[in-house]
Amino acid sequence: MKIAIWGTKKEAIYLYNQIKSDGKNRVVCFVDNNKNICDPLIDNKPIYSIDKLKKMYPDQIDTVILALRNGYSIACILKQLKYSNIKNIGLLKPLAYDYNEKICLEENNAHVIWTNMLRMPILPYLQVVLIKTCNLNCKGCTHFANLFNKRLDNDNTYPIQKLKEDLRKVSENMEIFRLRLLGGEPLLYPELKEAIASSRECFPNADIRVVTNGLLLMKASEELFQCLNHYNIGLDISLYQPTMRIKQELVNLLQRNSVKYHFEGMSNTEGIERFEKNIRTEGVNNPEKAMSICHGKQCLTLLHGRLYKCPFEALSYKFYQYFNQNIDYRNDGYNINKDTIDWTDFLDKVYMCPVEACKHCSEKIEFFDWSTTCSPEYSDWTV
Ligand code: SF4
Ligand code: SF4
């Protein structure tokens with residue numbers, strides 16, 4: 001193998017060091033689309049552009065491994081590589097880095113998914129909203145959980161039978177690279193263990209996580225931990241201030257139960273100290289521009305039989321309802337149970353094209369300090 005590692009961040013360096021440790025010197029270079037990288041070398045290996053990569057393939061480089069998490073970036077790069085005719089492409093699962101596991105390239109799909117070995121096209125990222133309510137009331141929650149907490153709907157949970165059918169349907173048409181089960185707070189979802197089992201059965205190769213604020217873990221059952229371990233599914237724990245306060249207790253608990261976990265903070269701080277907002281309800285924005293800067297575009301969301309571009313498209317109806325506006329994008333998601341759905345077309349378009357809802361997102365993002373609130377206000381989300 002003559003390998004190019006796509007990416008220059010911590011996951012890429014981790015992969016590089018793991019491959020390097022066998023002494024075979026298989027890594028030829030790194031690749032990055034970012035032209036502003038100041039240092040052109042990592043451990044004396046060059047960082048090349050895709051144009052250079054294309055020229056070196058297949059004589060000097062025969063394998064490209066993407067060490068990235070962002071679903072949107074992965075989708076864009078896979079498209080670039082497809083048009084370049086580069087075939088031997090691997091996707092490094094973030095779990096390798098998050099759990100500090102020894103990477104074995106030869107062991108199929110354990111740490112690296114090889115796209116040319118898959119029966120179906122791969123979707124880089126999918127999140128499933130199991131339940132819309134939460135035990136925290138974060139101000140400006142991007143899933144509007146604090147509004148769902150206030151006025152309960154009949155359809156606050158994803159019915160387990162429907163969820164299983166929908167996961168099955170997706171799995172018959174696509175592979176998933178990263179699958180995240182979330183909410184609201186997924187530990188409030190009554191059938192969480194069944195959802196975990198079904199996710200793994202449908203997506204045996206995926207890096208699957210349950211995303212939680214962690215506060216209910218101290219009361220979680222041993223059966224839940226056993227279930228996570230049995231299906232090789234880890235926890236992504238968001239480090240909000242209340243979670244920070246019990247972090248060490250959580251570590252002790254999870255280590256005692258051999259559960260894989262990963263704490264999520266911000267890039268420059270350990271905890272989550274800031275949230276962002278960008279809604280402009282007038283709906284006058286340029287959707288392309290809004291989409292180009294938003295973080296939501298990588299968060300493809302499955303809810304009640306539809307695939308949405310982002311949680312805003314799926315859940316913002318609650319925001320508009322709560323503040324007495326008649327806007328609802330729930331019918332805009334792809335209905336996965338319609339026979340007419342063209343999955344190839346879906347994969348081509350879903351990351352690249354804005355949706356109607358994008359016109360409600362501003363080209364400007366504002367940040368504010370994280371806090372909780374029992375009195376949500378319109379301005380908690382709007383700029
Ligand atoms: S913990 Fe997450 S889902 Fe719950 S209110 Fe806060 S941001 Fe929303
Ligand atoms: S609606 Fe469009 S611009 Fe707004 S968060 Fe979703 S993808 Fe981004």
Side-chain angles (χ1 to χ4, degrees), residues 70-72 75 125 127-150 156 180-189 210-217 235-244 264-266 271-281 283-301 307-320 327-330 332-333 349-365 368-374 376 380-383:
N70 184 301
Y72 177 77
Y125 178 93
Q127 58 185 32
V128 185
V129 177
L130 298 180
I131 182 163
K132 296 174 192 165
T133 53
C134 185
N135 56 327
L136 260 185
N137 279 301
C138 300
K139 179 179 161 183
C141 169
T142 50
H143 290 202
F144 308 100
N146 56 336
L147 300 184
F148 286 104
N149 293 347
K150 286 223 148 233
N156 270 343
R180 298 174 99 210
L181 308 176
L182 41 70
E185 171 51 54
L187 268 75
L188 293 172
Y189 184 62
V210 174
V211 185
T212 171
N213 60 38
L215 298 174
L216 297 173
L217 281 171
L235 295 170
D236 278 348
I237 304 172
S238 310
L239 278 178
Y240 300 110
Q241 282 166 28
T243 318
M244 286 287 277
E264 297 196 308
M266 293 167 64
I272 297 172
E273 293 176 2
R274 289 190 311 167
F275 266 22
E276 56 184 51
K277 58 179 183 173
N278 71 335
I279 299 180
R280 278 189 65 193
T281 48
V284 292
N285 292 293
N286 178 327
E288 278 86 9
K289 273 197 187 159
M291 192 190 98
S292 71
I293 59 154
C294 88
H295 294 132
K297 64 178 174 283
Q298 67 140 335
C299 301
L300 218 77
T301 301
L307 282 168
Y308 294 95
K309 185 166 184 70
C310 64
F312 181 77
E313 192 184 34
L315 298 164
S316 59
Y317 76 94
K318 188 66 183 179
F319 168 77
Y320 292 116
I327 299 173
D328 187 341
Y329 290 108
R330 275 177 293 178
D332 285 13
K349 288 200 181 131
V350 71
Y351 281 111
M352 306 307 155
C353 305
V355 290
E356 189 71 11
C358 296
K359 69 183 186 191
H360 289 278
C361 292
S362 171
E363 295 152 34
K364 184 179 85 175
I365 294 175
F368 56 97
D369 288 344
W370 178 89
S371 65
T372 56
T373 176
C374 292
D380 294 348
W381 287 270
T382 56
V383 292

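Just so it is clear, the model here is predicted, and its values are computed rather than measured. Note: hydrogens, waters and symmetry copies are ignored here, and every other heavy atom, side chains too, is used. All ligand and atom numbering here is 1-based and tracks the order in the structure.
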Checklist line | Distance from atom 3 (S) of ligand 1 to nearest protein heavy atom, with residue and atom | finding: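 Nearest protein contact, heavy atoms only, for atom 3 (S) of ligand 1 is Gly184 O, 3.6 Å.
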Next item on the list: Look at atom 8 (Fe) of ligand 1 and say which protein heavy atom is nearest, naming residue and atom and giving the distance to 0.1 Å.
Entry: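 The protein heavy atom lying closest is Cys141 SG, 2.4 Å.
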Notebook entry, point to check: Counting only heavy atoms, which portion of Trp370 has something under 4.0 Å from ligand 1: side chain, backbone, both, or neither?
Noted result: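 Trp370 to ligand 1: no contact under 4.0 Å from either part.
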Notebook entry, point to check: Where's the contact between Cys138 and ligand 1, heavy-atom distance under 4.0 Å: side chain, backbone, both or neither?
Noted result: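 The answer is both.
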Next item on the list: List every atom of ligand 1 that sits less than 4.0 Å from any heavy atom of Tyr240, numbering the atoms from 1 in the order shown and giving each element.
Entry: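 Every atom of ligand 1 under 4.0 Å from some heavy atom of Tyr240: 1 (S), 2 (Fe), 7 (S).
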Note to self: Out of all atoms in ligand 1, which are within 4.0 Å of some heavy atom of Cys134? Include the element for each.
What the structure shows: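 Answer for ligand 1: 1 (S), 3 (S), 4 (Fe), 5 (S).
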Checklist line | Test log, rule side chain to side chain contact (heavy atoms under 4.5 Å, CB included), inputs Tyr320 and Asp328 | finding: CA-CA 7 Å; Tyr320 292 116; Asp328 187 341; over 6 Å; no
Check: Who passes side-chain hydrogen bond (donor to acceptor under 3.5 Å, both in side chains) against Glu273, sequence neighbours left out?
Finding: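 With neighbours one apart ignored, the set is empty.
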Check: Rounded to the nearest 0.5 Å, how far does CG of Leu216 lie from CG of Leu188?
Finding: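 These two atoms lie 5.5 Å from each other.
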Check: What is the distance from atom CE of Met291 to atom NZ of Lys309, rounded to the nearest 0.5 Å?
Finding: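 Those atoms lie 4.5 Å apart.
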Contact summary for [X] and [Y], nearest pair of heavy atoms:
X: Phe144; Y: Ser316; answer: CE1-CA, 3.6 Å
X: Cys310; Y: Gly296; answer: CB-O, 3.3 Å
X: Glu313; Y: Asp332; answer: OE2-CB, 3.3 Å

Note to self: Once ring-ring contact (aromatic ring centres under 6.0 Å, His included) is applied, do any residues pair with Phe148, and if so which ones, sequence neighbours excluded?
What the structure shows: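 Counting only residues at least two positions away or on another chain, Phe148 forms a ring-ring contact (aromatic ring centres under 6.0 Å, His included) with Tyr317.
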Margin query: According to ring-ring contact (aromatic ring centres under 6.0 Å, His included), who are the partners of Tyr125, at least two apart in sequence or on a separate chain?
Written below: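 For Tyr125 there are no ring-ring contact (aromatic ring centres under 6.0 Å, His included) partners, ignoring immediate neighbours.
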Check: Is there a heavy atom of Asn146 sitting under 4.0 angstrom from any atom of ligand 1?
Finding: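 Heavy atoms of Asn146 never come under 4.0 Å of ligand 1.
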Checklist line | Gly183 touching ligand 1 at heavy-atom level, < 4.0 angstrom | finding: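 Outside the 4.0 Å threshold, so no.
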Next item on the list: Could you please tell me which protein N, O or S atoms lie under 2.8 Å from atom 6 (Fe) of ligand 2?
Entry: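 Under 2.8 Å from atom 6 (Fe) of ligand 2 - ignoring waters, which are not counted - the protein N, O or S atoms are Cys310 SG.
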Checklist line | Glu185-Thr133 side chain donor-acceptor pair, cut-off 3.5 Å | finding: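 Note: Glu185 and Thr133 side chains miss the donor-acceptor criterion.
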